[in-house]
Amino acid sequence: MDTKELLKKVRKIEIKTKRLSNHIFGGEYHSTFKGRGMTFSEVRQYQYGDDIRAIDWNVTARYNEPYVKVFEEERELTMMLMIDVSGSELFGTSTQFKKDTVTEIAATLAFSAIQNNDKVGLILFSDQIELYIPPKKGKSHVLRIIRELIEFSPKSKRTNINEALKFLSSVMKKKAIVFMLSDFVDENYERNLKIVGNKHDLTGIRIYDKFDEEIPNLGMVPMLDNETQEVRLINTSSKSVRTKYKANALRLKDEFQTSFKKSGLGTINVRVDESYVKKLLGYFKNKG
């Protein structure tokens with residue numbers, strides 16, 4: 001991709017996602033995560049527009065009028081975006097590849113963070129750490145992250161979530177808000193997930209295509225495994241083949257849901273032909 005085309009793509013994503021983060025997610029992100037790095041300062045009388053979640057009910061009951069807790073920022077928040085760049089992210093049968101949806105969601109989250117004056121960092125992973133950009137503030141930093149998401153070419157096409165989680169633990173010593181975006185076509189990562197979840201506020205965002213979960217009856221079809229690069233002829237007319245395919249997909253989905261739930265962590269499932277806006281907003285509102 002030449003520089004002009006790349007800049008055009010970056011600009012297109014910036015316009016779309018910045019508008020979303022300004023009008024929708026900025027406030028939601030702020031109200032969801034504020035207070036994580038805050039210390040209690042004092043109480044004062046409630047004023048119109050104050051967050052009702054800040055009401056101090058003990059003081060309110062004592063004085064018979066509402067009082068709210070006032071917090072001082074202890075430190076700025078840090079957001080880490082952990083992005084799966086393995087081969088399966090280049091799969092897509094609807095309007096776009098999984099990779100495109102991942103890029104848009106990551107950009108929206110990053111703009112929401114800098115609007116809140118927080119730092120944003122990036123980890124791109126396959127079965128190894130492909131790229132690490134330490135957390136920084138500012139629009140130019142976010143645009144660099146978007147550029148990497150668009151044009152980065154990974155060395156490996158396989159996935160290893162454990163490696164990514166171990167790396168996060170080694171580089172992030174202070175608590176961070178972490179979003180891991182992947183199709184989670186991997187297994188046995190619950191132990192490291194728990195370790196990370198004990199320290200960081202981690203959310204798993206699973207991006208998938210409808211044909212990741214269900215294969216249509218198309219007869220004999222040559223299929224390329226994006227992670228192993230192996231081409232095999234698959235008889236999609238066979239009911240047992242379709243059943244096995246679906247069962248494996250549902251097993252991986254269940255492992256994702258169960259591992260995160262057991263670790264006390266949140267999850268979002270986004271299909272590439274659905275609106276990720278509704279999914280993210282719903283998640284933020286329930287989490288806040």
Side-chain angles (χ1 to χ4, degrees), residues 17-82 105-121 135-139 141-142 145 168 172-181 193-205 260-270 275-288:
T17 59
K18 202 174 177 186
R19 191 168 60 236
L20 282 172
S21 63
N22 285 347
H23 297 304
I24 306 172
F25 296 111
E28 289 300 334
Y29 166 89
H30 184 72
S31 60
T32 302
F33 295 108
K34 74 175 180 182
R36 302 294 164 96
M38 313 278 258
T39 52
F40 174 67
S41 172
E42 59 181 356
V43 292
R44 62 162 170 75
Q45 278 184 294
Y46 177 86
Q47 293 167 4
Y48 179 75
D50 283 339
D51 189 340
I52 57 166
R53 287 173 294 188
I55 290 177
D56 186 319
W57 294 108
N58 291 330
V59 179
T60 297
R62 198 179 309 144
Y63 293 105
N64 236 2
E65 56 182 318
Y67 275 78
V68 291
K69 292 176 182 176
V70 179
F71 293 88
E72 282 180 353
E73 197 155 358
E74 188 177 47
R75 63 178 186 273
E76 67 219 345
L77 299 175
T78 297
M79 179 194 284
M80 283 303 302
L81 296 168
M82 299 180 74
I105 293 174
T108 302
L109 292 168
F111 278 122
S112 297
I114 62 161
Q115 193 182 326
N116 207 37
N117 203 32
D118 294 335
K119 292 179 178 177
V120 188
K136 268 177 73 176
K137 292 183 183 185
K139 180 184 163 183
H141 179 67
V142 170
I145 286 173
L168 176 76
M172 293 303 296
K173 299 303 178 192
K174 287 184 176 177
K175 183 172 180 172
I177 296 159
V178 183
F179 291 96
M180 179 181 271
L181 287 85
L193 198 60
K194 274 185 176 159
I195 293 167
V196 168
N198 283 334
K199 186 172 183 182
H200 302 292
D201 190 333
L202 173 63
T203 299
I205 305 180
F260 273 78
K261 195 173 181 181
K262 278 187 183 173
S263 306
L265 302 170
T267 58
I268 307 172
N269 286 278
V270 180
S275 164
Y276 62 81
V277 176
K278 285 179 187 168
K279 295 288 180 85
L280 285 179
L281 262 182
Y283 177 75
F284 281 159
K285 278 179 176 158
N286 290 333
K287 190 177 169 69

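Below, all heavy atoms of this structure are taken into account, side chains as well, without hydrogens, waters or symmetry copies. Numbering starts at 1 and runs along the sequence shown.
- With hydrogens and angles ignored, the 3.5 Å screen pairs no side-chain donor or acceptor of Asn116 with any backbone N or O of Asp118.
- Of the possible polar contacts, one joining the Thr60 side chain to the Tyr67 backbone as a donor-acceptor pair under 3.5 Å is found.
- Not counting sequence neighbours, the partners of Lys137 by the salt bridge (charged side-chain N to carboxylate O under 4.0 Å, His left out) test are Glu76.
- Legend: residues meeting side chain to side chain donor-acceptor pair (under 3.5 Å) with Thr267, ordered by chain and number and at least two apart, are Gln257.
- Between Leu193 and Leu202 there is a side-chain heavy-atom pair separated by less than 4.5 Å.
- Side chain of Lys199 to backbone of Lys173: a donor-acceptor contact under 3.5 angstrom is found.
- Under the 4.5 Å side-chain criterion, counting only non-hydrogen atoms from C-beta, Tyr276 is in contact with Leu20.
- Distance check: Lys69 NZ to Asp50 CG gives 14.0 Å after rounding to the nearest 0.5 Å.
- Test Asp56, Val59, Val68 against Arg44 for side-chain contact (heavy atoms from CB on, under 4.5 Å) and you get one pass: Val68.
- Residues Tyr283 and Ile205 have side chains not in contact (no heavy-atom distance under 4.5 Å, counting atoms from C-beta outward).
- With a 4.5 Å cut-off on side-chain heavy atoms, Leu109 and Ile177 do not count as touching.
- Between Met80 and His200 the shortest side-chain heavy-atom distance does not fall below 4.5 Å.
- When the shell of 6.0 Å around NZ of Lys119 is examined, it contains 12 or fewer heavy atoms from other residues, nucleotides or ligands.
- Between Thr78 and Met172, the closest side-chain pair of non-hydrogen atoms falls below 4.5 Å.
- Between the side chain of Lys175 and the main chain of Asp201, no donor-acceptor pair closer than 3.5 Å is present.
- Proximity of Val120 to Phe111: side-chain heavy atoms (C-beta onward) are nowhere separated by under 4.5 Å.
- Put simply, the side chain of Phe179 reaches to within 4.5 Å of the side chain of Met79, judged on heavy atoms.
- Atom CD1 of residue Ile145 and atom NZ of residue Lys136 lie 10.0 Å apart, to the nearest 0.5 angstrom.
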